[in-house]
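To start, the structure itself, in structure tokens.
So that the names make sense, note that chain A is the first sequence line, chain B the second, and so on, each numbered from 1.
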Amino acid sequence: MKVFCLNALMQASLLTMLSVSTIAAEVTYPEGWIKPGESGTFKQSQTHSNASGKVKVLAEGQLVEMSEHPFFQALSENGRACISCHQPSDGLSLSVKTIQDVWSGTQGRDPIFAAWDGSNCPDMPQKEKASHSLLLDRGLFRIQMPWPPAPRYGKEVTPDFDIEVVRDPWGCNSSQKYGPDAAEPSISVYRRPRPVANLKYLTAVGFAYDPKQGVALPRDEISGEFLSGNIMSDNRSVNLKAQMQDASGTHLEMLAALTNEQVEKIEGFILSIYAAQVEDNDAGKLDDGAFGGPELLRDSKPGQLGSIGRAVWSEFEPWEEQKSTGVTPEQADKRASIARGARLFREKMFLISDSAGINSPMGFGNPVLNSCVFCHNMSQMGNDVAPGQVDIGTTTKPFAEPAPELPLFRVTCKGDPHPHYGRSFLTQDPGFGLVTGRCADTGKITLQSMRGLAARAPYFSNGSAKTMGDLVDYYDRRYQINFTEQERQDLINLMNSL
Amino acid sequence: MRKVQVAVSGLLALMTVSAVQAATDIVEFVSCPVYRDARAGKKSGCWLADAPESGSRFDISASPVKPDWNYAVLVQGQITDNADACGGKVLNPVRVSILSEPCPQYRLPAEGYPGNPFVRPANIVKPLSVDRAPLTGPFEDKQFHVFFNYNKSFLSYQFGDYQLDEAAYWILQAKPSRVVITGFADTHGITVSGHELREKEQIAQDRADIIVTSLLRLGVPDDTVATQINMAPELLPGETDGVSGLVTTSRWRVTINAYFD
């Protein structure tokens, strides 16, 4: 446990909650936690323990002095930095376990709990744990989206659906300050921080087309490069630079935009970070005879389709053939299970149905027989080579979990009905639809990176899968896959080793 | 590269002639699709549909765009004697258009049918990482077509995207002075199985817009591109959509004319 004096933590927004007498109170942080403004260099190689083993983080290139680097500096009054929500110990995201530890270690005074998006709604009483329940229980930050949507690729967006608030447990979708009826109309949804590592895979472009939208890929206005479409749950930021400005204006509550120099520095840094699980508690080193860990990620060319290049998770193919020399029987068993999981991921067929982005409008058919790798198709990373906006039902009824703690919206399509949900349906987070304004895009969430998963539970953009087991069970129910107990465990073991 | 293209279009022209000549082998109908859960690897499930006129069951799995089991389909295809892997007479080439009329989901078990193991189509867009042979001039005025499904402006994967990509590749290298894009909508329509199928007027513009947006993004200069719409598309007797080989579906298209003037 690291111990800091709260003096170092003092922030304008915190002061209001503290009485003078508590200022001297000690605060503790979980192992590996990096505080905004902390001095020292960011290690070029570091490993951190998690429930199933260890995650390894590499930083390529020049050593970064954290106190002088904008990714680590608290650039605004709320005391946060990018590092606050993207911690190396958590695979450059934040696990719920870490969030809870930070709450208890700081009595809720760390800036990640800032009112703006670290509480369920800024006008709730901030000292109370209950006001931060979505962050503490599900790892979710509030994302306030303009409604109607902001212009996209320089064009106005006129939504082809109406959105109506059905349930608003925290008041952020129905007050005079927040929500569609506020002076600046908005919709608040709640999402997990996405890992800021292995980003060359998320910006890589495999083909010149977006097959899900049926149009050539857009290009970056400045660089002229094609845009991958794989950043953020809803791709509202089309590249890393846009993403940073979004983050600085919202999570960091900065009033001014980041300077060009800051943007360049942050971009350079985040593109240099690679993270992956490197050790499993039972299987041992994941790069012992296999190719787990971040090195292969760092050294491979991004944007390759596993089906025509290196098969997805073939990293563990060497473990398909048992070599029991030098490993215990338990180790050998776990290694075999991970290798079987990798094969299941590619080869266990099931009927994928009613998942917009796949079953419509691409032409694969509804249903289509395929496996996990159909969507998670990029070598080494498991995200989608094409822009990865797909609706697997995680946020939208009837497939989404009941989750009464999340807001619920009724979407009514004004033009063509939604191909799978019909004219009118319920969603906890319209996802991509909040950005494109298209009813057919509602419920689509961009596929995430699949590396370093063990460091950052819970899963899915809305944190609905508390554990990897819950995630596999979700797919099992959703697509009626009927995994055997062994298959389920093999898949869990695989994903905890990525 | 160029030679191959010529050979391919020669072959397609031949196919068209035979399609027209064998017009009696062409079926066209609207019905609800049936999914047969055959399991011969990814994408191997069968798509079947019964023609209401005859009650005959056809295997429509070869369509570049597959059905959605919640919606009726317009089927247009040529009857073959190909081996029955699914439980229906095989249509190939065949095109399926998804209609807005709802259908009950129907899934048959495999019942011993092997299904259709997936074969990667020959004509698909290449990854950007693949170097493509440059085209050599001299270049002359040229026409391209990009085909859509009935009443849709969506550029279908491994079908319309490929047709567009071929056109774009040529335009980017040949650098014509003018590129005229005509979006068509068949507002007059056809009647199939008692269904009057008329395309929406707006589809013509939507189709043209998708092609223009794509061409500009691919690098075709803005000031060379012009668009128009047309509500009375002719059939293209000597042409095919490059995949299905059918003539009847050629009304649902965008035509790209490139000029050097």
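- With contacts defined as side-chain heavy-atom distances shorter than 4.5 Å, the pair A:Val368/A:Asn359 qualifies.
- Contacts with chain B were tallied for A:Pro367, A:Ser307, A:Pro361, A:Gly206; A:Pro367 has the most, counting heavy-atom pairs under 4.5 Å.
- Highest contact tally toward chain A, considering only B:Asp165, B:Leu128, B:Leu216, is held by B:Leu128 [criterion: heavy-atom pairs under 4.5 Å].
- Within the 4.5 angstrom heavy-atom criterion, no atom of A:Val385 approaches chain B.
- If you measure heavy-atom distances from B:Tyr71 to chain A, the contacts under 4.5 Å come from the side chain alone.
- More than 12 heavy-atom neighbours from other residues, nucleotides or ligands sit within 6.0 angstrom of CZ on B:Phe118.
- For the residue pair B:Gln173 / B:Tyr169, a side-chain donor-acceptor distance below 3.5 Å is found, with atom types taken as modelled.
- For the set A:Ile308, A:Ile352, A:Leu351, the count of heavy-atom pairs under 4.5 angstrom toward chain B peaks at A:Leu351.
- At a 4.5 Å heavy-atom cutoff, B:Ile211 makes no contact with chain A through either its backbone or its side chain.
- When ring centroids are compared, B:Phe184 and B:Trp252 stay outside the 6.0 Å threshold.
- Electrostatic pairing of B:Asp50 and B:Arg57 counts as a salt bridge here, judged by a charged N lying under 4.0 Å from a carboxylate O.
- Contact of A:Phe350 with chain B is made through the backbone alone, with heavy-atom distances under 4.5 Å.
- Neither the backbone nor the side chain of A:Pro417 comes within contact range of chain B, judged by heavy atoms closer than 4.5 Å.
- A cation-pi arrangement is not found for B:Arg95 relative to B:Phe159, the charged atom failing to lie both closer than 6.0 Å to the ring centre and inside a 45° cone about the ring normal.
- Neither the backbone nor the side chain of A:Ser360 comes within less than 4.5 Å of any heavy atom in chain B.
- Counting heavy-atom pairs closer than 4.5 Å to chain B, the top-ranked of the candidates A:Gln304, A:Met349, A:His420, A:Lys301 is A:Met349.
- For chain A, the option among B:Ile98, B:Asp37, B:Val96 with the highest count of heavy-atom pairs below 4.5 Å is B:Asp37.
- Between A:Phe364 and A:Phe374, the angle of the ring planes goes over 60°, which puts this pair in the perpendicular group of the 30/60° scheme.
- Using modelled atom types, one side-chain atom of A:Arg423 and one backbone atom of A:Gly415 make a donor-acceptor pair closer than 3.5 Å.
- A side-chain donor from one of A:Gln389 and A:Thr446 sits under 3.5 Å from a side-chain acceptor of the other.
- Remark: side-chain polar atoms of A:Arg346 are not paired, donor with acceptor, to backbone N or O of A:Ser371 under 3.5 angstrom.
- By a heavy-atom distance cut of under 4.5 Å, A:Ala208, A:Tyr209, A:Pro211, A:Lys212, A:Gln213, A:Gly214, A:Val215, A:Ala216, A:Leu217, A:Pro218, A:Arg219, A:Phe226 are the residues of residues 208-232 of chain A near chain B, going up by number.
- Comparing B:Asn149, B:Val130, B:Leu215, B:Asp68 by how many heavy-atom pairs each has under 4.5 Å with chain A, the most go to B:Asp68.
- Classified by interplanar angle (parallel below 30°, tilted 30° to 60°, perpendicular above 60°), the ring pair A:Tyr421/A:Phe399 is tilted.
- Heavy-atom distances place the side chain of B:Arg107, and not its backbone, under 4.5 Å from chain A.
- Heavy atoms from other residues, nucleotides or ligands lying under 6.0 Å from CD of A:Gln480 number 12 at most.
- B:Pro67 touches chain A through its backbone: at least one of N, CA, C or O sits under 4.5 Å from a heavy atom, while the side chain does not.
- Salt-bridge check for B:Arg39 with A:Glu347: failed, with every basic side-chain N at 4.0 Å or more from each acidic carboxylate O.
- Among the candidates B:Asn70, B:Asp161, B:Val125, the residue making the largest number of heavy-atom pairs closer than 4.5 Å to chain A is B:Val125.
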